[in-house]
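These notes are about the structure you will find just below.
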Amino acid sequence: MIKSSDEKRNGTGDGTRVNEIAIEARNTIKAFGQGGVAVRALDDVSVEIRKGEFFTVLGPSGCGKTTLLRLIAGFETPTSGQILLHGTDITHLPPNKRPVNTVFQSYALFPHLTVAENVGFALKMQGRPRAEVAQTAREMLELVRLGHLADRRITQMSGGQQQRVALARALAARPQVLLLDEPLSALDLKLRQEMQVELKRLQHETGITFVFVTHDQEEALTMSDRIGVMSAGKIQQIGSPREIYTRPVNRFVASFIGETNFLPATLGPEGAHLSGGEVIELATSGPRHGPVTLTVRPEQLRLTPPDEPGALPAIVTDWVYLGTDTHVHLQLRDGTALVARLQSNPTGETDLTRGGAMGVRFAPGAVQVVEE
């Protein structure tokens with residue numbers, strides 16, 4: 001079981017206790033195929049998702065994140081291991097018997113029905129009274145701020161509005177857990193950013209446990225209470241967005257979450273020795289010695305005059321203006337490439353020169369050793 005340092009405390013800070021576990025996967029393995037050609041989509045995954053939290057499963061395509069979601073939903077059965085809901089084993093319970101609902105990438109709305117009819121469709125199929133169906137549909141549409149469009153046809157709705165209708169329909173059954181399989185992937189950037197705020201608001205207002213699957217690091221950092229980073233069927237790290245970003249446990253997590261710089265070094269008593277002869281002091285030291293990989297985020301680099309004492313000598317190879325930021329590309333004496341992210345000068349002026357000498361310093365505590 002991989003646990004973050006946050007789990008060593010008594011709670012999450014929002015009233016949720018650590019021992020209130022909504023969903024638990026225990027040593028789950030999911031293999032597709034048989035014998036020597038079998039592929040493990042999930043490789044002994046264990047994770048606890050707390051009641052009432054927004055938990056994001058983040059990773060690249062093919063890492064196993066959607067397979068984990070389908071196991072929780074009941075659309076797949078693990079090859080081995082268990083899925084528990086509030087402590088009850090639901091591993092072999094069919095999807096329609098689980099108090100869990102799913103919002104897919106494809107919203108699967110009915111074009112011939114109105115918005116309200118789409119939201120109340122599942123309740124109607126369950127034989128609920130007409131008045132209850134109508135009342136629930138109204139409540140859910142107000143929750144997603146579409147109450148004034150209840151009588152419109154789906155074909156008259158924008159992509160963002162359709163996404164909200166799909167959310168309202170999923171919430172209408174009042175599930176204990178809501179699963180979201182990359183529901184924002186079809187939206188343009190601005191609308192996707194707006195819906196990130198809306199999803200977090202909905203989760204906060206309903207108190208429902210959200211399990212969100214995405215490959216988009218911005219979505220994960222923006223909305224999540226905790227993130228589980230996956231690669232090759234395994235969970236690499238679980239923690240808060242800040243913990244994942246500032247204290248990645250290995251090279252994969254460091255490179256997948258945001259931009260970062262990697263520096264080959266050798267640990268010794270004085271610190272980390274670069275191949276060019278420079279020594280970098282580390283905030284934490286341990287018994288490990290020998291070759292290591294260091295990581296430091298671009299915003300933790302400061303450029304100085306080349307002759308400033310303690311600064312690493314570097315050469316400016318290029319820079320890229322990105323509006324609020326300017327990315328400065330540098331090369332150290334041993335050939336290691338670095339990128340520094342600097343706040344752009346509002347006047348547009350710069351004293352950078354390609355091929356010019358520059359000094360580089362790192363913010364205190366910013367340089368870390370990561371596992372390969």
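Values below: all heavy atoms of this structure, side chains included; hydrogens, waters and symmetry mates excluded.
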**OP:** Mind listing the closest non-hydrogen atom pair of Ala73 and Thr102 along with its distance?
**Re:** CB-OG1, 3.8 Å

Subject >> Short side-chain to backbone donor-acceptor contact, Thr295 and Gln368, under 3.5 Å >> reply: no

Original post:
Nearest heavy-atom pair of Ile227 and Ile244: which atoms, and what distance?
Top reply: O-CD1, 4.0 Å

Original post:
What's the spacing between Gln236 CD and Leu58 CG if we round to 0.5 Å?
Top reply: 11.5 Å

Original post:
Would a distance-only check, ignoring hydrogens and angles, find a side-chain to backbone donor-acceptor pair under 3.5 Å from Gln126 to Leu123?
Top reply: no

**OP:** Give a yes or no on whether Arg354 atom CZ has more than 12 heavy-atom contacts from other residues, nucleotides or ligands under 6.0 Å away.
**Re:** yes

**OP:** Indicate yes or no: does Glu24 engage Arg26 in a salt bridge with an N to O separation below 4.0 Å.
**Re:** yes

Original post:
Should Leu71 and Leu84 be counted in the same cluster of Ile, Leu, Val, Met, Phe, Trp and Tyr side chains packed under 4.5 Å apart?
Top reply: no

Original post:
Is any side-chain heavy atom of Arg226 less than 4.5 Å from a side-chain heavy atom of Phe55?
Top reply: yes

**OP:** Nearest 0.5 Å please: distance from the CG atom of Leu184 over to the CG atom of Asp216.
**Re:** 8.5 Å

Subject >> Backbone N/O of Thr67 and side chain of Lys30: donor-acceptor pair under 3.5 Å >> reply: no

Original post:
Closest approach of Pro60 and Phe252, non-hydrogen atoms and distance?
Top reply: CD-CZ, 3.8 Å

Original post:
Looking only at heavy atoms, what is the nearest atom pair of Ala137 and Ala116, with distance?
Top reply: CB-O, 3.8 Å

**OP:** Output yes when Asp44 and Lys234 qualify as a salt bridge under the 4.0 Å nitrogen-oxygen rule, no when they do not.
**Re:** no

Original post:
Looking at CD of Glu198 and CG of Leu143, how far apart are the two atoms once the value is rounded to the nearest 0.5 Å?
Top reply: 9.5 Å

Original post:
What are the two closest heavy atoms between Gly74 and Pro95, and how far apart are they?
Top reply: O-CG, 3.3 Å

Original post:
In terms of hydrophobic clustering (I, L, V, M, F, W, Y; side-chain heavy atoms under 4.5 Å; direct or indirect links), are Val115 and Met195 co-clustered?
Top reply: yes

Subject >> Rounded distance [0.5 Å steps], OG1 in Thr28 versus CD in Gln82 >> reply: 10.5 Å

Original post:
If Ile, Leu, Val, Met, Phe, Trp and Tyr residues are connected whenever their side-chain heavy atoms lie under 4.5 Å apart, and connections chain through other members, are Phe104 and Val213 in the same group?
Top reply: no

Original post:
Would Leu330 and Trp319 show up in the same hydrophobic cluster when neighbours are defined by side-chain heavy atoms closer than 4.5 Å?
Top reply: yes

Subject >> Trace of the side-chain hydrogen bond (donor to acceptor under 3.5 Å, both in side chains) decision for Thr336 with Asp334 >> reply: CA-CA 6 Å; Thr336 299; Asp334 63 359; 2.9 Å; yes

Original post:
Can a salt bridge be assigned to the pair Lys200 and Glu219 using a cut-off of 4.0 Å between side-chain N and carboxylate O?
Top reply: no

**OP:** Check the side chains of Arg138 and Gln135 for a donor-acceptor pair under 3.5 angstrom, ignoring hydrogens and angles.
**Re:** yes

Original post:
If you measure from CD1 on Ile154 to CD on Gln162, what distance do you get to the nearest 0.5 Å?
Top reply: 6.0 Å

Subject >> N/O donor-acceptor pair under 3.5 Å between Gln217 side chain and Gly258 backbone >> reply: yes

Original post:
Run the salt bridge (charged side-chain N to carboxylate O under 4.0 Å, His left out) check on Arg302 and Glu308 step by step: do they pass?
Top reply: CA-CA 12 Å; Arg302 182 170 67 87; Glu308 180 172 299; 3.4 Å; yes

Subject >> Salt-bridge contact Arg50-Glu20 (side-chain N to carboxylate O under 4.0 Å) >> reply: no

Subject >> Main-chain N/O of Glu182 paired to Ser185 side chain as donor or acceptor, under 3.5 Å >> reply: yes

Subject >> Check ion pair Arg192-Glu218 (N to O, under 4.0 angstrom) >> reply: no

**OP:** Would you check if Pro99 and Pro175 make a side-chain contact, meaning some heavy-atom pair closer than 4.5 Å?
**Re:** no

Original post:
Can you find a pair of side-chain heavy atoms, one from Val177 and one from Leu179, that are under 4.5 Å apart?
Top reply: yes

Original post:
Would you say Met140 and Ile208 are hydrophobically clustered, going by side-chain heavy atoms of ILVMFWY under 4.5 Å?
Top reply: yes

Original post:
Given the rule in the side-chain hydrogen bond (donor to acceptor under 3.5 Å, both in side chains) test, do Asp325 and Gln343 qualify, once you have shown the distances and angles that lead to the verdict?
Top reply: CA-CA 5 Å; Asp325 299 327; Gln343 186 172 9; over 6 Å; no

**OP:** To the nearest 0.5 angstrom, please state how far the CZ atom of Phe210 sits from the CG atom of Leu199.
**Re:** 6.5 Å

Subject >> Geometric cation-pi criterion Arg251 and Phe262, 6.0 Å radius, 45° cone >> reply: yes

**OP:** Determine the minimum heavy-atom distance between Val339 and Leu301, stating which atoms define it.
**Re:** O-CD2, 3.7 Å

**OP:** May I ask you to check whether over 12 heavy atoms, not counting those of Gln34, lie within 6.0 Å of atom CD?
**Re:** no

Original post:
Is a salt bridge present between Glu259 and Arg297, judged by a nitrogen-to-oxygen distance below 4.0 Å?
Top reply: no

Subject >> CA sep, side-chain torsions, deciding dist, call: Phe121, Phe110, ring pair (Phe, Tyr, Trp, His ring centres under 6.0 Å) >> reply: CA-CA 9 Å; Phe121 181 80; Phe110 299 112; 4.6 Å; yes

Original post:
How would you list, by chain and number, every residue that makes a salt bridge (charged side-chain N to carboxylate O under 4.0 Å, His left out) with Glu278, sequence neighbours excluded?
Top reply: Arg333

